Amino acid sequence: MDPLTTSEQTRLAGDQRKLRLQVLGLNNVDAEATFDRVARLAASFTQSPLAMVNFINDERQMFRGMYVPTSSPDDKADPDHGAIPFDLSNLSREAPGDYGFCPHVVAQGSQLALDDVFDYPRFKGNALVNDLGVRSYLGTPLRDNTGMVLGTVCVADFKPRAWDRRIREHMQELTETLLADFKLRDSLLAQQQELFAVFDGAPFPIMLTEGPNHLLRYANGKQGQAFGMVPQFSPGRMALPGLESIGVFNAMDDAFHGGRPATLGRAQIATYDYPQPQEFSFLCTPVRTSPGSPISGVLTVAMNITGQAYSGSEQQAFAANVQERFERLGTSGIAGAFPG
């Protein structure tokens, strides 16, 4: 096959996988209890010291589920007797896109079992071997409910070992248990779309962003008319420089990190739908999918107050109603299903 064609297919597959991860709210390195539990189960029944639930986009790997051993600085490595050669307690939950063996599993779409990495010249020099001392690896493709490979569920050991058929089959079965999680996420997303339909008819600008970088999840028509239409999942600060210049994203930072609504009471900005600059107030409300879940994003509601005294009561009532409805969705879905 033409290498250029292969390269283009790989790039397109990576783009599609990244978009799917963004839609599902999985395109980040945040730990999640469901995935940590699966990693722990994988480590337990395979008797492996290292296990991960690894999602891979077009540029990096994200270990949202992880089980790692700990080691005292005084411990001496003894790989022949199964000792831990490195302290992995502070192992990062992300890695470059070409690091380790998981990218090979995603590319080929099938399970990869390496009983002894040193038996494979192609893998012997992998950075995972040099950095962590990994000698054996078993990775299983992690498919969502549409059949797309999103990453892997994998285990590794610091000594050579045989991954027999029983273990390989159990790893496949464990990986398939996550299909229910993906289905629930899609169900919750469908319900969110119904809520967004209500936003579409609102007479004031509304945008919903996800994560600390405020990636644009949703914007209604009024938001686009006033401040400009931008692609979904664009970094807000870069995509909406006008709002950045008047301090809206600083208020959004305060809401996301502080866990409380933040207000930019009066700010003047040139809009696309009026010939003269207008005065707006902005209410930024942190969004959770359920009362006990982490903050996943920020709902920002703008009111045109040109020539008016600012009260903010209408914004606050609207934001409180929306927050309640998001939490109601969360209780019927899964905790953390909205991007976080």
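Note that the structure is a prediction, hence the values are computed from the model and not measured. In what follows, every heavy atom counts, from backbone to side chain, and hydrogens, waters and symmetry copies are set aside.
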Original post:
Looking at residues at least two apart in the chain, or sitting in another chain, which of them share a salt bridge (Lys or Arg N to Asp or Glu O under 4.0 Å) with Glu94?
Top reply: Arg60
Between the side chains of [Y] and [X], is the shortest nitrogen-to-carboxylate-oxygen separation below 4.0 Å, so that they form an ion pair?
| X | Y | answer |
| --- | --- | --- |
| Asp186 | Arg20 | yes |
| Arg168 | Asp164 | no |
| Asp36 | Arg93 | yes |
| Asp253 | Arg237 | yes |

Should we count [atom1] of [X] as having more than 12 external heavy atoms under 6.0 Å?
| X | atom1 | answer |
| --- | --- | --- |
| Tyr274 | OH | no |
| Tyr67 | OH | no |
| Phe45 | CZ | yes |

Original post:
Which atom names give the shortest non-hydrogen contact between Leu128 and Gly100, and what distance separates them?
Top reply: CB-CA, 3.9 Å
Could you check whether [Y] and [X], counting side-chain N and O atoms only, form a donor-acceptor pair closer than 3.5 Å?
| X | Y | result |
| --- | --- | --- |
| Tyr99 | Asn126 | no |
| Asn27 | Asn57 | yes |
| Thr306 | Gln278 | yes |

Original post:
What about Phe227 and Phe280, are their ring centers closer than 6.0 Å?
Top reply: yes
Original post:
Below 6.0 angstrom between ring centroids: does that apply to Phe123 and Tyr137?
Top reply: no
Original post:
Would Glu8 and Arg11 satisfy salt bridge (Lys or Arg N to Asp or Glu O under 4.0 Å), going step by step from the backbone distance to the final call?
Top reply: CA-CA 5 Å; Glu8 180 66 9; Arg11 185 190 66 79; 2.7 Å; yes
Subject >> Inter- and intrachain pairs under side chain to side chain donor-acceptor pair (under 3.5 Å), touching residues 102-111, at least two apart >> reply: His104-Arg122, Gln108-Ser110, Gln111-Thr140
Original post:
Quick one: CD1 on Ile305 to CZ on Phe204, what's the gap to the nearest 0.5 Å?
Top reply: 14.0 Å
